[in-house]
Amino acid sequence: EKVNRIIREEMNAIGGQEILLSAFQPKERWQKTGRWESMKDIMYQFHDHSARDLGLAATHEEALAEIATQTIFSYKDLPLFVYQIQTKFRDEPRAKSGLIRGREFLMKDLYSFHRDEQDLGAFYEKADAAYRNIFSRCGLSFYVTEASGGTFTKEFTHEYQVLADAGEDWTLYCAACGYAQNKEVSSLAAGDPCPKCKKKIQMARSIEVGNIFKLGTKFSEAFGLLYANEFGIKKPVWMGSYGIGPGRLMGTIVEVSHDAKGVFWPDVVAPFSVHLLIIKTKDEKAARGVEKAADALYQTLLAKGVEVLYDDRADKTAGEKFADSDLIGIPWRVVLSANTLSKKCVEVKRRNEKEARIMTQKEFLAHILPRKAK
Ligand code: ATP
Ligand code: MG
């Protein structure tokens, strides 16, 4: 949801309106573009009890082009930008890496509608800027690569690739100027001079977290999606589509931000800010004291709007709690034990730092609250 919130903010900022479409797709709609056939390896297709042919949407260009014929009539209805964060289905032959490639996965897909190529081009640039913001805000370094348009377009599309060994793509990139191409379309090799700045091109495995396409008029022509211009002349609508996989994005953050023990969530997308741990004590009276102090700190943090995961499990050892905390990767770990309580302090550790620090609750709050306000 935190990743989705960042995506929504950036999509709304470029004029996106949020919608939600059905995953069910009628065969007749997809036959109009020939993709019922051409995508049959990847699209789940079946029929229901009344022998109707149905598919599960692997993407939504057809659905949006068809719906747009009921809302776009005139140049006054353009441009239009709609998006959704919705479940897609693809019969992926190599679904293996959990969130990174699933057969059922979330996609943010935005579709844009324009009166001409120039307006599409101008919006494409804005979408590119919004995408750069999204990935930067999620704490990722990435390359914007020129890539193939696949079945959509002969022009280059642009992919957002994060270098990571777990990736299935190869990116050729220049670390000096940022120029990059997907190996699939590149005539470059590692060691070649960069066509832009002449520094050395490198090659590495990468994960595609997003992809933007100029669709041209292919879909609008298939669905008769026309608009009347100022002179009443009918013209085909120009379209673009813009995808991000929020689940794959989450998986990618983990791939580039972890150690042997678990995840380091960047603050902005961490499910909680603070992981509060009680360490149990044999002495019953001391144990009750620790519990009371931890409950109070939990309430204080909640009251200040800090998101806290509270590990008050009575049946787990300190070792088990520390291991789980490292695995889950919440940015701040705060420990309360008989020992810290005797010093009137808490033990605080950032997930990505080695050393824990002993400080008063007040000092800890001062540390964390300015971060929250950012
Ligand atoms: P890939 O080449 O990795 O199969 P794609 O180019 O087919 O992906 P798009 O159609 O461009 O994917 O989808 C938009 C975005 O949706 C991708 O950039 C990716 O972040 C995400 N995505 C695509 N397929 C999957 C999947 N199987 N599991 C999770 N996320 C996915
Ligand atoms: Mg793609």
Side-chain angles (χ1 to χ4, degrees), residues 3-4 6-7 10-11 16 21 23 25 30 33 35 38-44 55-64 83-112 124 127-128 130-132 134-135 137-138 140 142-171 180-186 205-215 218-219 239-256 269:
V3 168
N4 286 349
I6 291 173
I7 294 174
E10 296 294 337
M11 292 299 97
L21 297 178
Q25 298 290 312
W30 285 68
T33 54
R35 291 211 294 179
S38 68
M39 281 182 67
K40 73 172 189 291
D41 287 346
I42 204 154
M43 189 174 181
Y44 287 98
L56 294 178
T59 176
H60 273 94
E61 283 79 13
E62 278 79 354
L64 253 309
Y83 74 95
Q84 59 179 346
I85 297 176
Q86 191 261 3
T87 305
K88 299 282 185 279
F89 296 88
R90 290 184 184 178
D91 194 348
E92 297 275 7
R94 293 169 296 123
K96 56 159 180 138
S97 333
L99 283 170
I100 290 180
R101 186 176 297 283
R103 296 197 171 89
E104 175 179 343
F105 60 96
L106 274 187
M107 195 196 286
K108 185 289 299 176
D109 40 337
L110 183 140
Y111 302 86
S112 71
Y124 191 83
D128 169 56
Y131 269 45
R132 290 170 193 255
I134 290 166
F135 303 124
R137 288 178 65 183
C138 289
L140 291 171
F142 56 90
Y143 284 92
V144 184
T145 67
E146 293 176 340
S148 145
T151 59
F152 287 112
T153 162
K154 286 193 185 61
E155 252 188 273
F156 278 146
T157 68
H158 291 90
E159 288 173 348
Y160 299 80
Q161 295 276 358
V162 175
L163 303 187
D165 291 336
E168 297 171 10
D169 289 9
W170 287 103
T171 294
Q181 285 191 318
N182 189 310
K183 185 169 175 263
E184 283 172 7
V185 299
S186 188
R205 283 276 186 198
S206 61
I207 303 173
E208 176 201 317
V209 288
N211 200 181
I212 60 177
F213 296 84
K214 289 179 185 167
L215 301 173
K218 172 179 164 167
F219 290 87
M239 287 176 62
S241 78
Y242 313 81
I244 292 181
R248 183 181 285 185
L249 187 53
M250 256 182 85
T252 304
I253 293 169
V254 173
E255 286 300 333
V256 299
V269 292

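The model shown is predicted, which means the values in this text are computed figures rather than measured ones. For reference, positions follow the sequence shown, starting with 1. One-based numbering, in listed order, for ligands and for the atoms of each.
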Exercise. Could you tell me if any non-hydrogen atom of Asp109 lies under 4.0 Å from any atom of ligand 1?
Key: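 Judged by the 4.0 Å heavy-atom criterion, Asp109 does not count as contacting ligand 1.
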Quiz item: Does ligand 1 have any atom that is closer than 4.0 Å to a heavy atom of Gly210?
Solution: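 It does, in that a heavy atom of Gly210 comes within the 4.0 Å cut-off of ligand 1.
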Quiz item: With the threshold set at 4.0 Å, does a side-chain nitrogen-carboxylate oxygen contact exist between Glu61 and Arg35?
Solution: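 Arg35 and Glu61: salt-bridged.
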Exercise. May I ask you to decide whether Asp91 forms a salt bridge with Arg103, counting only side-chain N to carboxylate O separations under 4.0 Å?
Key: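 A salt bridge is present here (some side-chain N lies under 4.0 Å from a carboxylate O).
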Exercise. Measure the spacing between OG1 of Thr157 and CD1 of Ile212 and express it to the nearest 0.5 Å.
Key: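 Thr157 OG1 to Ile212 CD1: 8.0 Å, rounded to 0.5 Å.
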Element-labelled atoms of ligand 1 that are located less than 4.0 Å from some non-hydrogen atom of [X]:
{"X": "Gly245", "answer": "15 (C), 16 (O), 19 (C), 20 (O), 21 (C)"}
{"X": "Leu99", "answer": "29 (C)"}
{"X": "Glu92", "answer": "24 (N), 26 (C), 27 (N)"}
{"X": "Arg90", "answer": "5 (P), 7 (O), 9 (P), 10 (O), 12 (O), 13 (O), 23 (C), 24 (N)"}
{"X": "Glu208", "answer": "2 (O), 5 (P), 6 (O), 8 (O), 11 (O), 12 (O), 17 (C), 18 (O), 19 (C), 20 (O)"}
{"X": "Val209", "answer": "18 (O), 20 (O)"}

Practice problem: Restricting to N/O/S, name the atom of Glu208 that gets closest to the Mg ion (ligand 2). | Solution: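 For Glu208, the N, O or S atom at the smallest distance from the Mg ion (ligand 2) is OE2.
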Is it the case that the side chain of [X] and the backbone of [Y] share a donor-acceptor pair, with hydrogens and angles ignored and the cut-off at 3.5 Å?
{"X": "Tyr131", "Y": "Gly243", "result": "yes"}
{"X": "Arg205", "Y": "Glu168", "result": "yes"}
{"X": "Asn211", "Y": "His158", "result": "yes"}

Quiz item: Considering distance alone, does some N or O of Gly102 sit under 3.5 Å from an N or O of ligand 1?
Solution: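 For ligand 1, there is an N or O atom that lies under 3.5 Å from one belonging to Gly102.
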Practice problem: Answer side chain, backbone, both or neither: which part of Leu106 comes under 4.0 Å from ligand 1, heavy atoms only. | Solution: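 The answer is neither; Leu106 stays 4.0 Å or more away.
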Quiz item: How about Asn211: does one of its N, O or S atoms come closer than 2.8 Å to the Mg ion (ligand 2)?
Solution: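 Under 2.8 Å: Asn211 contacts the Mg ion (ligand 2) through an N, O or S atom.
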Quiz item: So do Lys108 and Tyr242 actually touch side chain to side chain, heavy atoms under 4.5 Å?
Solution: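 Answer yes - side chains close enough.
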Practice problem: Return yes when atom CD of Glu92 has more than 12 non-hydrogen atoms of other residues, nucleotides or ligands closer than 6.0 Å, and no otherwise. | Solution: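 Buried by this count: over 12 neighbours within 6.0 Å.
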